[in-house]
Amino acid sequence: SLPTLPILRIVIVGAGFSGTMVAANLARLASRPVRVTLVEASGECGRGVAYCHGPDCHVLNVPAARMSAWPDQPEDFLGWARRQQGGETVEPGSFLPRALYGRYVRETW
C-alpha cells in the first residue's frame, strides 16, 4: 500500500487579494492534503485595503472581463458579477465597484 502523506499545514498572514488567492490556489492545486490558515486583522478574507467596503462610485480600474481570479477561467468574475446583479446587465467592459470585487474574492476562497 502507498504511504499516507501527512497534512501540509500552511499559515498565510494577510488575507487581502494576494493572501486569499495564494490560499485558494494552494487548496485547488495541492497534490497532497493541505490545511491553509489565513490570518487577517480585519477578520475578512479577500477584501484587504483595495477591495474593502466603500461606495459604489469606487470602481475597479480594469474592466470586469479582465478581473477573473483564475487565469484558466477568464470569464469567471464576469459570470459571477452577472449572477449577483440579478437582471442588471454587466458588460465585459463594465467598471464595477471595488467592494463587489472584494466579495467575489472572498466567495472564491
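- Here the OG atom belonging to Ser94 is positioned 13.0 Å from the CE atom belonging to Met67, to the nearest 0.5 angstrom.
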Given the rule in the side chain to side chain contact (heavy atoms under 4.5 Å, CB included) test, do Val11 and Val39 qualify, once you have shown the distances and angles that lead to the verdict? CA-CA 7 Å; Val11 175; Val39 178; 3.8 Å; yes
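- The aromatic rings of Trp80 and Phe77 lie parallel to each other, with less than 30° between the two planes, well short of the 60° mark.
- Scanning all heavy atoms of the two residues, the minimum distance from Pro74 to Ser68 falls at O-CB, 3.4 Å.
- At a threshold of 4.5 Å between side-chain heavy atoms, the hydrophobic network of Ile, Leu, Val, Met, Phe, Trp and Tyr places Leu96 and Trp70 in one connected group.
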Yes or no on side chain to side chain contact (heavy atoms under 4.5 Å, CB included) for Cys45 and Phe17, after CA distance, side-chain angles and deciding distance? CA-CA 8 Å; Cys45 295; Phe17 174 83; over 6 Å; no
From CA spacing to verdict: side chain to side chain contact (heavy atoms under 4.5 Å, CB included), Tyr51, Leu100: CA-CA 8 Å; Tyr51 308 117; Leu100 181 69; over 6 Å; no
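- Each of Leu38, Val34, Thr37, Val22 was scored for a side-chain contact (heavy atoms from CB on, under 4.5 Å) with Ile10, with one residue passing: Val34.
- In plain terms, the two heavy atoms of Phe95 and Leu60 that are nearest each other are CD2-O, 3.2 Å.
- Applying the salt bridge (Lys or Arg N to Asp or Glu O under 4.0 Å) test to every pair with at least one member in residues 90-108, sequence neighbours left out, gives these pairs: Glu44-Arg106, Arg103-Glu107.
- When every heavy atom of Arg82 is checked against every heavy atom of Val90, the shortest pair comes out as NE-O, 2.8 Å.
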Determine, stepwise, if the pair Thr20 / Thr108 fulfils side chain to side chain contact (heavy atoms under 4.5 Å, CB included). CA-CA 9 Å; Thr20 299; Thr108 296; over 6 Å; no
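- Heavy-atom minimum distance, Val36 versus Ala23: CG1-CB, 3.5 Å.
- The salt bridge (Lys or Arg N to Asp or Glu O under 4.0 Å) pairs that include a residue from residues 25-41 are Arg28-Asp72, where partners are two or more places apart or lie in different chains.
- Transitive grouping of hydrophobic side chains (ILVMFWY, heavy atoms separated by less than 4.5 Å) brings Tyr101 and Met21 into a common cluster.
- Val62 and Val59 sit in two unconnected hydrophobic clusters of ILVMFWY residues. Membership requires side-chain heavy atoms under 4.5 Å apart, directly or through other members.
- Pro92 places a side-chain heavy atom less than 4.5 Å from the side chain of Leu78.
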